Protein chains: 2
Amino acid sequence: MPNTVHIRTPKRVQTVVGTLIPVTANPDAPVSETRSDKKERTRRAILDAALRLTEDTGLAALSLRQVAKEVGIVPTAFYRHFDSIDQLGLALVEESFVSLRAMIRDVRQGTPTLGQIVDRSVDVLAVHVREDRPHFGFIAREKSGGSAVVRVAVRREFGFFERELATDLARLPMDHWSSDDLQILSNLIVSAMITTSEEILRAEPRELPDIRHRARTQLLMVIVGALNWKSTPSG
Amino acid sequence: MPNTVHIRTPKRVQTVVGTLIPVTANPDAPVSETRSDKKERTRRAILDAALRLTEDTGLAALSLRQVAKEVGIVPTAFYRHFDSIDQLGLALVEESFVSLRAMIRDVRQGTPTLGQIVDRSVDVLAVHVREDRPHFGFIAREKSGGSAVVRVAVRREFGFFERELATDLARLPMDHWSSDDLQILSNLIVSAMITTSEEILRAEPRELPDIRHRARTQLLMVIVGALNWKSTPSG
DNA sequence: AGTTTCAGTGTACGCACGTTCACTGAAAGG
DNA sequence: CCTTTCAGTGAACGTGCGTACACTGAAACT
């Protein structure tokens, strides 16, 4: 029977359950909230669920249905908040980099000597990474992750971040440097920072002092190298 | 009818197709080869297919059925070669790092001055990454990829690689260094190398000179910094 | 020549997926 | 008070997945 035609028979009478218990994954008492408050809360729950569920496997292995189940909504309700998993991913990229920028702002709090800048930078990095683990983990994973649009977004943001750092570096006593060279230095520092973050993320607490020592040493090497660089033409 | 029992009815008579045309994804004429030769060729085809199919999405999004289709075998035949996609991934990690070690061996070909070491290292890296794109791309992706066992394997190998590099560095005129410090330096250099590789991988040919210039500069900064480091205590 | 091995076949299964659709009911708004 | 809006519902669909199983036929071995 090749010509089997399926006719959708929409049931007119439905079970009487409806939206009795909104299980939107929040233990707080939803005493009284506006409609958009509640929507925002569900959206937040979706973002958090996504961060949790991608922790082991990455965004590529995340399904809309998993997210819905975790949040406590029906799969189709997901579409009220995001068009696709990719769009959800972009939202996560955005808020992750907000967290990262907050960090760099933290470092800028008037630190006079080079040694202090280095120490403070590493300390701030360590604290932020531990405190906002989910977002830092997300960025680290999706930098080379499975979704093309998300990957591109992450790299774009890292590009911005790198340029911001370069302008910060320009304020150090290396005025004679070209902006190209500052960019190169910034790129190197960001590389080391990413590696350090990844190490912090998967380290046990007792390993942290070693990692911080290493990060400090590396940052110092790089800065000393940069300062002495022009004057020591190769070997 | 809840108790529906499905009884497997294995057909005794089967269509007469069998292994008439072994489409094992190889254009060469398979004039005459032993059984294990052929198996090896199929295995190779599976590995290549996996490298091709994961290029955009990573191993996490790779299905056994996709691989089988690409290779030209039936899904179940996959099991003759690998227990799971994860095992296939481990095989790819292994052969990828063979390629990486070949690279470091290439650098070691007697290069006297520091400047030459730097130039040669960057050149060799650029050439190898372009020539063995699939493997370098695979490592870069799966370093933070979706499969736990593969991720761990990649990081393990990077650990070895880093230690190898540290012993190489010990041969440079920095004998007074502790092995801990050499390890730290090595870690920093590998970080920069990974970033550079990723940039080379996604760069267009016309961007390569810039990337190489940057890599050279960074490597030089790091080495100069390392050499001058102890004598310039913070600042 | 007769037997064993084994890479590859084809069918069938149960399950999770993204997406469609018509529907509900409380909040928002006139 | 009556109407509109809209976050969330639940059933249904087609598809692709991993894995099971019994099977085949040529190569390898005795």
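Because the structure is predicted, anything quoted here is derived from the model rather than measured.
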Quiz item: Between D/dA7 atom C1' and A/R41 atom CZ, what is the distance in whole Å?
Solution: 12 Å

Quiz item: Does OP1 or OP2 of D/dT9 have a side-chain N or O of A/T76 closer than 4.0 Å?
Solution: no

Self-check item: Polar side-chain contact B/R80-C/dG8 base: donor and acceptor under 3.5 Å
Solution: yes

Practice problem: Give the rounded distance in Å between these two atoms: NZ of B/K38 and C1' of C/dT9. | Solution: 12 Å

Quiz item: Starting at OH of A/Y79 and ending at P of C/dC21, how long is that distance when rounded to a whole Å?
Solution: 12 Å

Exercise. Find out whether B/E157 and B/E94 are in side-chain contact, i.e. whether some heavy atom of one side chain is under 4.5 Å from a heavy atom of the other.
Key: no

Exercise. Round to a whole Å and report the spacing from CZ of B/F78 to C1' of D/dG18.
Key: 11 Å

Quiz item: Hey, does A/V93 have a side-chain heavy atom less than 4.5 Å from the side chain of A/V150?
Solution: yes

Self-check item: Electrostatic pair A/R44-A/E95, nearest N-O below 4.0 angstrom
Solution: yes

Quiz item: Does C/dC17 have OP1 or OP2 sitting under 4.0 Å from an N or O in the side chain of A/S63?
Solution: yes

Practice problem: State whether A/T42 places a side-chain N or O below 4.0 Å from either non-bridging phosphate oxygen (OP1 or OP2) of D/dG8. | Solution: yes

Exercise. Take the protein atom NE2 of A/H81 and the nucleotide atom C1' of C/dG18, then report the distance between them rounded to whole Å.
Key: 17 Å

Quiz item: Should A/E198 and A/R202 count as side-chain neighbours, where that means a heavy-atom distance under 4.5 Å?
Solution: yes

Practice problem: Starting at atom CZ of A/R65, determine the distance to atom P of C/dT20, rounded to an integer number of angstrom. | Solution: 13 Å

Exercise. Rounded off to whole Å, could you give me the CG-to-P distance for the B/L53 and D/dC17 pair?
Key: 11 Å

Quiz item: With nearest nucleotides of DNA chain D determined for A/R35 and B/S84 from heavy-atom distances, which residue corresponds to the more 5′ nucleotide?
Solution: A/R35

Quiz prompt | Whole angstrom value for the distance that separates P of D/dG8 from CZ of A/F82 | solution = 12 Å

